[in-house]
Amino acid sequence: MASPKVSIPKGTRDFTPVEMNRRNYIFDTIKSVFQLYGYSPIETPSMENLSTLMGKYGEEGDKLLFKILNSGNFLEGVDNHTEAKSDYKKMTPLISEKGLRYDLTVPFARFVVMHQNELTFPFKRYQMQPVWRADRPQKGRYREFYQCDADVIGSNSLLNETELMGIIDRVFDMLNIKTTIKLNNRKILTGIAEYIGEADKIVDITVAIDKLDKIGLDKVNEELIAKGLSQETVAKLQPIINLSGDTQSKLCQLEKIFTSSETGQKGIAEMREILDLLGYTEIKAVVEFDITLARGLNYYTGSILEVKADEVAMGSICGGGRYDNLTGIFGLPDMSGVGISFGADRIYDVLQELNRFPENTQTSTQVLFVNFGEKEMKYCLPLLAKLRKKGISAEMYPDPEKIKKQMSYANANNIPWVVVVGETEMLENKLTLKNMQGGTQEKISLQELTKSKVKTKK
RNA sequence: GUGAUUGUAGCUCAGUCGGUUAGAGUAGUGGAUUGUGGUUCCAUUGGUCGUGGGUUCGAAUCCCAUCAGUCACCCCA
């Protein structure tokens, strides 16, 4: 068979039944924990107005947005804007007014503003849907991937942070992935920038410090200078970058440094409160204060957190933080929110790499009826119905093919039981039940089959 | 946006120094076994060697271009 040249877009994937069952295992686990913690589901459309999305993810994010061409004659109206013809940034709004969502948080903020009168605050929602980014794909990075978000909006309490960390802990415990939760606070990062007198360079500073693990201290300092910081400023930064000891002593050291930064002090206080509250939970995960953690999304204002798998080299598999004024942009001020986002696809890759998917993610048929022909089929159909009524997944092979082929089908699909009914069985008013794992078979009555022989999924 | 690397059967991959009709495993199909799968044995289908050009008597192999995948940087789940 000559295969036609077909393909799917870069960074997208098909999922086979085996993969889907494994993905669903991840989704079901996360969903169950979200519900356990009192979060309710919502969904939002795949596409949003570009005015909703643009400017929320920084300049880089705007570039990575998938834009949707206007329908109909999208060139209409371009004529009047001659300057747009040579500048794609000016052209874009003329020919595109919608885009695929980049994450679930910004659409959520839009949702809250639009539905504010129907919602009861604090509002706790979860949402598990795909998002799209026009990135160059690589390991653990796709152009279409799922995020599983839980956010609570309309509450300033740091208990929310603790609860979200409880969700994280529970999910990864259930998935059998060892993780470290890294915790930081945007106010501490602001405090650092204020302390060295470069408050406006906070993004450059945090991005550079974020790379400490990866490229080392010298390179970080190089980058800081490249970004326009003076030698003295970089020198002033050293004690902070090199902060050592356990979380508590790091906080004490910072506290002394931040004497003049109110924001920095507040960040430390928040961090202490979260850690204190954590002490009253049963969280098992390692939680560490990481001064270098600086998540890119620029709407975070308070705590930021990130989760890494201990045993696999992979980007973060979950991240989140607090945003004090995300809905403000859409006209609803003073709504503080905090949320987390699980990267389901990366979690899949981690489980795959560690070979840690459970055996029984397959939801296969339990009983297959072999098809010998019309007469035999009609003899079996009522039985098939009976099994299904009892909640046992069963199917009849649709064509009267060779038994060998039908058996192979059962085998390939991991169907544990096969019912064979031919002329002999019909005469005796019985059926042959074969166990595909052991290869044993026995002749039993019709009643026996529905009673106890075949069970629902173990 | 920058850099590296790989494209050979549905899948995983061999293919020597450029040499005749491009191979293996696996999957598929048929049979050994017409009422029995998973194990075994036999047979068999399946290839524009990513695509286009060039060098050469001769190219899967060398050169150029192009497309696609993968990985890394930037950034990020």
Side-chain angles (χ1 to χ4, degrees), chain A residues 1-13 16 26 30 57-65 101-105 128-149 203 206-208 210-211 214-215 219 223 293-298 305-309 313-321 339-350 368 370-373 376 397 400-426 431-441 443:
Chain A
M1 187 176 67
S3 63
K5 279 211 165 166
V6 289
S7 62
I8 53 175
K10 193 200 299 266
T12 65
R13 296 148 300 155
T16 61
I26 295 171
I30 294 174
Y57 309 106
E59 206 173 318
E60 194 76 24
D62 284 352
K63 274 192 225 156
L64 297 180
L65 280 171
R101 62 166 166 256
Y102 181 91
D103 70 358
L104 299 179
T105 309
M128 313 204 298
Q129 290 190 277
V131 302
W132 294 268
R133 296 183 188 179
D135 245 345
R136 285 268 292 259
Q138 55 184 277
K139 190 179 182 187
R141 173 181 297 185
Y142 307 98
R143 296 185 124 181
E144 177 184 62
F145 61 97
Y146 272 74
Q147 289 194 330
C148 307
D149 279 32
V203 174
T206 52
V207 166
D210 187 34
K211 294 177 191 160
K214 225 177 203 170
I215 61 177
K219 296 262 180 181
E223 185 165 330
L293 172 62
R295 296 177 47 70
L297 295 182
N298 50 13
L305 66 86
E306 188 168 282
V307 181
K308 291 214 154 190
M314 176 84 65
S316 68
I317 52 178
C318 180
I340 53 170
S341 178
F342 289 89
D345 303 81
R346 283 188 178 174
I347 293 172
Y348 184 100
D349 291 345
V350 168
L368 175 76
V370 166
N371 189 332
F372 269 90
E376 291 85 348
Y397 199 89
E401 300 264 14
K402 287 181 184 160
I403 287 220
K404 181 173 172 152
K405 173 138 189 172
Q406 303 192 34
M407 286 287 179
S408 301
Y409 174 85
N411 201 58
N413 288 296
N414 284 316
I415 300 175
W417 302 96
V418 172
V419 170
V420 183
V421 173
E423 222 163 308
T424 349
E425 285 87 353
M426 279 169 64
L431 54 84
T432 298
L433 179 66
K434 172 161 182 157
N435 180 300
M436 295 298 278
Q437 272 121 38
T440 56
Q441 62 182 55
K443 228 175 245 183

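Note: hydrogens, waters and symmetry copies are ignored here, and every other heavy atom, side chains too, is used. Proteins get letters first, then strands, A, B, ... in listed order; numbering begins at 1 in each.
- In this structure, A:Lys10 reaches the sugar-phosphate backbone alone: every heavy-atom distance under 4.0 Å involves primed, P, OP1 or OP2 atoms, never a base.
- Contact annotation: A:Lys404 does not reach the phosphate of B:U34 (side-chain N/O to OP1 or OP2, under 4.0 Å).
- Residue-to-nucleotide contacts include a donor-acceptor pair under 3.5 Å from the side chain of A:Arg136 to the base of B:U2.
- For A:Lys443, the NZ atom counts as densely surrounded, since its 6.0 Å shell holds more than 12 non-hydrogen atoms of other residues, nucleotides or ligands.
- Here A:Lys139 does not reach the OP1 or OP2 of B:A72: none of its side-chain N or O atoms lies under 4.0 Å away.
- For the pair A:Gln138 and B:A72, the criterion of a side-chain N or O lying under 4.0 Å from OP1 or OP2 is met.
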Worksheet item: Where do A:Glu144 and A:Thr12 land on the side-chain hydrogen bond (donor to acceptor under 3.5 Å, both in side chains) test, with the steps shown first?
Response: CA-CA 6 Å; A:Glu144 177 184 62; A:Thr12 65; 5.7 Å; no

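- Counting any heavy atom pair closer than 4.0 Å across all strands shown, A:Glu425 reaches a base atom.
- A:Val207 comes within 4.0 angstrom of the backbone, heavy atoms only, and of no base.
- Using a 4.0 Å heavy-atom cutoff across all strands shown, A:Gly422 reaches at least one base atom of the nucleic acid.
- With a cut-off of 3.5 Å on both Watson-Crick or G-U wobble distances, the partner of B:U61 is given as none.
- In this structure, B:C76 makes no Watson-Crick or G-U wobble pair, since no nucleotide meets both defining distances under 3.5 angstrom.
- With distances taken from any side-chain atom of A:Ile403 to the nucleotides B:G35, B:G3, B:A77, the minimum falls on B:G35.
- The shortest distance between the side-chain N/O atoms of A:Lys211 and the OP1/OP2 oxygens of B:C75 is below 4.0 Å.
- With a cut-off of 3.5 Å on both pairing distances, B:C49 has no Watson-Crick or G-U wobble partner at all.
- Between the CG atom of A:Leu431 and the P atom of B:G35 there is a distance of 19 Å, rounded to whole Å.
- Residue contacts for A:Ser408: at a heavy-atom cut-off of 4.0 Å it reaches the sugar-phosphate backbone alone, with no base atom in range.
- At the heavy-atom level, A:Tyr142 lies under 4.0 Å from base atoms of the strands shown.
- Of all non-hydrogen atoms in A:Glu376 and A:Val421, the two that sit nearest each other are CG-O, 3.4 Å.
- Not a single donor-acceptor contact under 3.5 angstrom links the side-chain atoms of A:Asn411 to the base of B:G38.
- Of all nucleotides present, only B:C13 satisfies the Watson-Crick or G-U wobble test against B:G23, with each distance under 3.5 Å.
- Applying the 3.5 Å distance criterion, the base of B:A77 shares a donor-acceptor pair with the side chain of A:Arg133.
- In this structure, A:Gly439 reaches the bases: a heavy-atom distance under 4.0 Å links it to at least one base atom across the strands shown.
- The base of B:U36 lies outside donor-acceptor range of the side chain of A:Gln406, with no N or O pair under 3.5 Å.
- In this structure B:C41 sits in a base pair with B:G31, meeting the Watson-Crick or G-U test at under 3.5 Å.
- In this structure, the nucleotide among B:C75, B:C71, B:G31 sitting nearest to the side chain of A:Lys402 is B:G31.
- Residue A:Gly61 is out of contact with every strand shown, counting any heavy-atom pair closer than 4.0 Å.
- Checking B:U56 for Watson-Crick or G-U wobble geometry (two distances, each under 3.5 Å) identifies no partner in any strand.
- Figure legend. B:U70 is base-paired to B:A4; pairs are counted as Watson-Crick or G-U wobble with both atom distances under 3.5 Å.
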